[in-house]
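These notes concern the structure reproduced below.
Chain letters run A, B, ... following the sequence lines, proteins first and then strands; every chain starts at 1.
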There are 2 protein chains.
Amino acid sequence: MADWLTAEEQHAWRRTAAVMTLLPAALDAQLQRDAGLTQFSYLVLAMLSESHDRVMPMSELASMVSSSLSRLSHVVSRLEQQGWVSREPCAGNGRVTMARLTDAGWEKVVATAPGHAAEVRRLVIDAVGPERITDLDAITGAILRRLDPAGRMRANPMTSEVPPAREQ
Amino acid sequence: MADWLTAEEQHAWRRTAAVMTLLPAALDAQLQRDAGLTQFSYLVLAMLSESHDRVMPMSELASMVSSSLSRLSHVVSRLEQQGWVSREPCAGNGRVTMARLTDAGWEKVVATAPGHAAEVRRLVIDAVGPERITDLDAITGAILRRLDPAGRMRANPMTSEVPPAREQ
DNA sequence: AGCTTACACTTGATGCTTCAACTGTCCAGC
DNA sequence: GCTGGACAGTTGAAGCATCAAGTGTAAGCT
């Protein structure tokens with residue numbers, strides 16, 4: 001069996017699969033515990049927090065967080081109910097809806113980011129070690145090119161966020 | 001912002017986050033399309049297919065697929081309804097339930113594995129390239145040690161499967 | 001034995017994600 | 001200026017995951 005993969009490949013793949021299972025769960029757990037947020041909803045808030053004026057068309061936001069418009073719409077509905085995001089029609093383009101990060105939403109991001117960033121550092125950055133960070137970058141880059149040849153994914157904070165202000 | 005991470009670290013992390021989002025989705029899509037299975041339910045079947053006599057206690061199976069017992073129980077219920085797995089009490093230990101891969105389940109795994117393995121090869125193994133496979137292995141190993149210090153994860157097929165027979 | 005604790009599950013409710021269908025808007029061509 | 005198609009979003013139903021609570025069994029203590 002597994003003539004499909006060599007022993008070496010198989011070993012690496014099993015570990016990769018395990019990481020794909022456990023890492024998102026661990027990061028979700030931290031965010032859920034400390035902020036009551038999903039990784040995905042946090043990502044939405046963080047993306048908005050970094051965008052110009054903290055407003056963005058839904059469809060642009062969707063592509064930045066690599067989600068369907070449908071998923072984003074549901075999530076933004078919830079974030080809206082919590083008062084972190086508001087929706088408004090786009091002047092000059094009737095079919096566009098803009099999502100805006102409210103002040104409360106901004107506070108939420110600012111309060112949440114450090115803890116999340118620390119967890120990312122602990123579980124990924126420090127685990128990998130400084131010498132291997134460039135390897136990680138190269139490998140994930142290679143995989144991404146297969147997954148998303150179009151090359152969206154350009155911007156995607158997650159941790160970066162906590163824009164000190166908007167300039168920067 | 002992002003004094004949390006250096007530019008280099010941040011870049012690597014963003015890519016990693018993107019891969020964590022897109023790769024499971026891509027693999028799920030292939031399995032769903034070709035076999036009507038979730039990555040997770042496929043993993044359960046594959047694990048069973050490689051185990052001795054294709055039977056295993058639920059709790060052992062749970063740790064092998066890194067899931068809670070609760071999650072596994074729900075999934076096995078569905079797999080049982082489809083006739084791919086059966087449950088039976090464990091003689092000699094009243095609180096253990098054994099999950100057994102049925103013949104139909106075995107056929108399902110055999111039919112599904114090649115296509116899935118090919119997708120894994122295409123999206124991960126070949127994308128990374130032979131020279132970097134060992135880097136991938138080292139990096140995921142390092143992350144895993146943080147995520148799961150206890151060090152389960154030992155066995156975990158995913159692709160390997162399609163045991164030609166049970167030996168080897 | 002009788003009691004307590006820990007284990008190995010199962011179940012039900014809740015929430016998020018996905019999918020398909022639907023609404024409303026813009027644009028192109030006739 | 002009307003019509004057809006594509007685009008931008010929303011919505012509701014269905015499925016899977018997670019969490020909290022519950023059942024039943026084993027083991028240890030007294």
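Straight-line distance from the CG atom of A:D28 to the P atom of D:dT18: 9 Å, rounded to whole Å. Atom pair A:R71:CZ and D:dC16:P shows a separation of 17 Å (rounding to whole Å applied).
For B:N93, there are no side chain to side chain donor-acceptor pair (under 3.5 Å) partners, not counting sequence neighbours. Taking the side chain to side chain contact (heavy atoms under 4.5 Å, CB included) definition, one finds that B:E8 meets it with A:I133, A:T134, B:T6, sequence neighbours left out. Listed by chain and residue number, nothing satisfies the side chain to side chain donor-acceptor pair (under 3.5 Å) test with A:D28 (two or more places apart in sequence, or in another chain). For A:A142, the side chain to side chain contact (heavy atoms under 4.5 Å, CB included) partners two or more places apart in sequence, or in a different chain, are A:R145. B:D126 pairs by the salt bridge (charged side-chain N to carboxylate O under 4.0 Å, His left out) definition with B:R121, not counting sequence neighbours. Partners of B:D135 by side chain to side chain donor-acceptor pair (under 3.5 Å), not counting sequence neighbours: none found. Applying the salt bridge (charged side-chain N to carboxylate O under 4.0 Å, His left out) rule to B:R122 yields the partners B:E119; only residues at least two apart in sequence or on another chain are considered. Evaluation of the side chain to side chain donor-acceptor pair (under 3.5 Å) rule for B:E88 yields B:R100 as partners, not counting sequence neighbours.
Between the CD1 atom in B:I139 and the CD1 atom in A:I139 there is a gap of 4.0 Å [rounded to 0.5 Å].
Comparing A:Q32 and B:T38 along DNA chain D, the residue whose closest nucleotide (by nearest heavy atom) sits nearer the 5' end is B:T38. With the nearest nucleotide of DNA chain C identified for both A:V75 and A:N93, A:V75 has the one nearer the 5' end.
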Give each protein N/O atom lying under 3.5 Å from an N/O atom of nucleotides 9-11 of chain D, with the pair distance.
from: D:dG9; atom 1: OP1; to: A:M58; atom 2: N; distance (Å): 3.4
from: D:dG9; atom 1: OP1; to: A:T97; atom 2: N; distance (Å): 3.0
from: D:dG9; atom 1: OP1; to: A:T97; atom 2: O; distance (Å): 3.2
from: D:dG9; atom 1: OP2; to: A:S59; atom 2: N; distance (Å): 2.7
from: D:dG9; atom 1: OP2; to: A:S59; atom 2: OG; distance (Å): 2.7
from: D:dG9; atom 1: O3'; to: A:T97; atom 2: OG1; distance (Å): 3.4
from: D:dT10; atom 1: OP1; to: A:R87; atom 2: NH1; distance (Å): 2.9
from: D:dT10; atom 1: OP2; to: A:S73; atom 2: OG; distance (Å): 3.0
from: D:dT10; atom 1: OP2; to: A:R87; atom 2: NH1; distance (Å): 3.0
from: D:dT11; atom 1: O4; to: A:S70; atom 2: OG; distance (Å): 3.0

Taking only N/O atoms, report every protein-nucleotides 2-4 of chain D pair under 3.5 Å with atom names and distance.
none

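Applying the side-chain hydrogen bond (donor to acceptor under 3.5 Å, both in side chains) test to residues at least two apart or on different chains, the pairs with a partner in residues 69-78 of chain A are A:S77-A:R87.
Boundaries of the chain B contact region on DNA chain C are C:dA6 to C:dG12, first to last in 5' to 3' order (nucleotide atom under 4.0 Å from a heavy atom).
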